[in-house]
K.L.:
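Quick one: structure below, then a few questions.
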Amino acid sequence: MAVKPQKTRVTGVRPDFATLVGLLIAAVGIVGGLLLEGGSIQEILAPTALLIVLGGTAGAVMVTTPMSVLLSASRKIYLIFFDQAIRPEQIVEEVIGFAAKARKSGIVSLEQDADEASHPFLRKALMLAIDGNDLQEIRKMMEIEISMEEHYVDAEARVFESAGGYAPTIGIIGAVMGLIQVMKHLDNLDEVGRGIATAFVATIYGVGFANVFFLPAGAKIKARAEQSARMKELMLEGVVGIVEGLNPKVIRGRLDAYIHGQAEERRGATGRRSGPE
């Protein structure tokens, strides 16, 4: 009986609770600290300061970044709040299904099944193999694709990193503008005190947006790119094993090394965080 490759079920995307909870904790910590110090939320609600910081930062980023990269980066915002639902274990099972059928009936028998591969990268690598391309050429072409994607994502992440660099400075500009207005009313010391306090709200917005959202967003996009690259390396290694005619069990051993390596990396990071200082 012919072996039918198992197709990975893609369920779309799921919310990234680390991002959502992280933003919530940051907001609660900042606002909670203000309230504990006897302040009020109204003291940091300044639409004018918000407009200066966000508008000035957006303008500076647009001057710095080519429009094509800017538009591409704006489409990657979803990577900050959502995560892909496909797991490496699912990809391994799909690749093993292809490997079992190729070993039984030949790699050409995968032609129809390859069109139904769950991931475009896996589909392309399989089609190159089915078309009889040299193994080294397949590896070279797919590695170039991985490298170029990393290059594009790095450029997109730098958009958010640039915003994180500009926002604090724009916040200082907003504070200085507020102080200029305060200086016009030196005859009323009560108004001067309140005006100075309000002026520095722009600095809070600038530093806050930079360190709570913009810079972490750039890092998150890079982390997503690294995960995607590792997933594609896993797929490529699987296709290489199929072309080499390896036993599916041997291919599984190769691919499981990627999964176990990621698990060890996560456990090591957890241990470093929870270990003694």
Side-chain angles (χ1 to χ4, degrees), residues 16 18-82 151-186 188-225:
D16 186 335
T19 296
L20 299 175
V21 174
L23 290 174
L24 178 62
I25 291 175
V28 170
I30 293 171
V31 175
L34 172 67
L35 297 177
L36 289 175
E37 287 293 326
S40 64
I41 297 179
Q42 286 75 17
E43 292 175 357
I44 58 173
L45 295 179
T48 303
L50 185 64
L51 177 63
I52 291 172
V53 170
L54 293 183
T57 301
V61 171
M62 292 179 70
V63 172
T64 305
T65 311
M67 184 56 68
S68 59
V69 177
L70 192 64
L71 294 175
S72 180
S74 66
R75 291 192 291 268
K76 291 295 176 66
I77 292 179
Y78 77 94
L79 291 176
I80 304 168
F81 298 97
F82 296 94
H151 172 75
Y152 292 136
V153 172
D154 186 65
E156 293 161 354
R158 283 201 299 269
V159 173
F160 293 92
E161 291 173 349
S162 296
Y166 293 130
T169 304
I170 301 298
I172 294 174
I173 293 174
V176 172
M177 292 174 62
L179 291 176
I180 291 173
Q181 301 304 314
V182 169
M183 293 303 175
K184 296 179 180 179
H185 304 283
L186 290 177
N188 190 334
L189 294 181
D190 291 337
E191 289 294 330
V192 169
R194 282 193 292 268
I196 292 175
T198 303
F200 282 106
V201 171
T203 304
I204 295 174
Y205 283 155
V207 175
F209 275 110
N211 291 281
V212 174
F213 183 73
F214 291 135
L215 294 177
K220 176 74 76 166
I221 290 175
K222 286 185 176 180
R224 291 272 188 261

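These numbers come from a predicted model, not from an experiment. Worth knowing before you read on, the calculation uses all heavy atoms, side chains too, and leaves out hydrogens, waters and symmetry mates.
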K.L.:
Evaluate the criterion side chain to side chain contact (heavy atoms under 4.5 Å, CB included) for residue pair Ile30 and Val212; output intermediate values, then yes/no.
P.N.:
CA-CA 10 Å; Ile30 293 171; Val212 174; 4.2 Å; yes
K.L.:
Let me know which of Leu79, Ile77, Leu71 forms a side-chain contact (heavy atoms from CB on, under 4.5 Å) with Arg75.
P.N.:
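Testing each of Leu79, Ile77, Leu71 against Arg75, the sole residue satisfying side-chain contact (heavy atoms from CB on, under 4.5 Å) is Leu71.
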K.L.:
Could you pull out every donor-acceptor pair under 3.5 Å between side chains of residues 156-166 and any protein atom, sequence neighbours left out?
P.N.:
unit_1	atom_1	unit_2	atom_2	d
Glu156	OE1	Lys76	NZ	2.7
Glu156	OE2	Ser72	OG	2.2
Glu156	OE2	Lys76	NZ	3.4
Arg158	NH1	Asp154	OD2	2.4
Glu161	OE2	Lys222	NZ	3.0
Ser162	OG	Arg158	O	2.8
Tyr166	OH	Thr64	OG1	2.7

K.L.:
Are any non-hydrogen side-chain atoms of Arg224 and Ile221 less than 4.5 angstrom apart?
P.N.:
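The answer is no, as the side chains (C-beta and beyond) never meet within the 4.5 Å cut-off.
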K.L.:
Roughly how far, to the nearest 0.5 Å, is CZ of Phe200 from CD1 of Ile172?
P.N.:
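Spacing of CD1 (Ile172) from CZ (Phe200) equals 9.5 Å.
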K.L.:
For Leu70 and Met67: C-alpha separation, side-chain torsions, deciding distance, then whether side chain to side chain contact (heavy atoms under 4.5 Å, CB included) applies.
P.N.:
CA-CA 5 Å; Leu70 192 64; Met67 184 56 68; 4.1 Å; yes
K.L.:
Measuring from Tyr205:OH to Leu45:CG, what's the distance to the nearest 0.5 Å?
P.N.:
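Rounded to the nearest 0.5 Å, the OH-CG separation comes out at 5.5 Å.
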K.L.:
What heavy-atom pair brings Thr203 and Ala175 nearest, and what distance separates the two atoms?
P.N.:
OG1-CB, 3.3 Å
K.L.:
Would you say Ile41 has more than 12 foreign heavy atoms packed within less than 6.0 Å of its CD1?
P.N.:
no
K.L.:
Can you give each donor-acceptor pair under 3.5 Å made by side-chain atoms of residues 50-61, sequence neighbours left out, with the distance rounded to 0.1 Å?
P.N.:
unit_1	atom_1	unit_2	atom_2	d
Thr57	OG1	Val53	O	2.7

K.L.:
Would you list the atom pairs, donor with acceptor, under 3.5 Å between side chains in residues 18-28 and any protein atom, with sequence neighbours excluded?
P.N.:
unit_1	atom_1	unit_2	atom_2	d
Thr19	OG1	Ile80	O	2.6
Thr19	OG1	Lys220	NZ	3.3

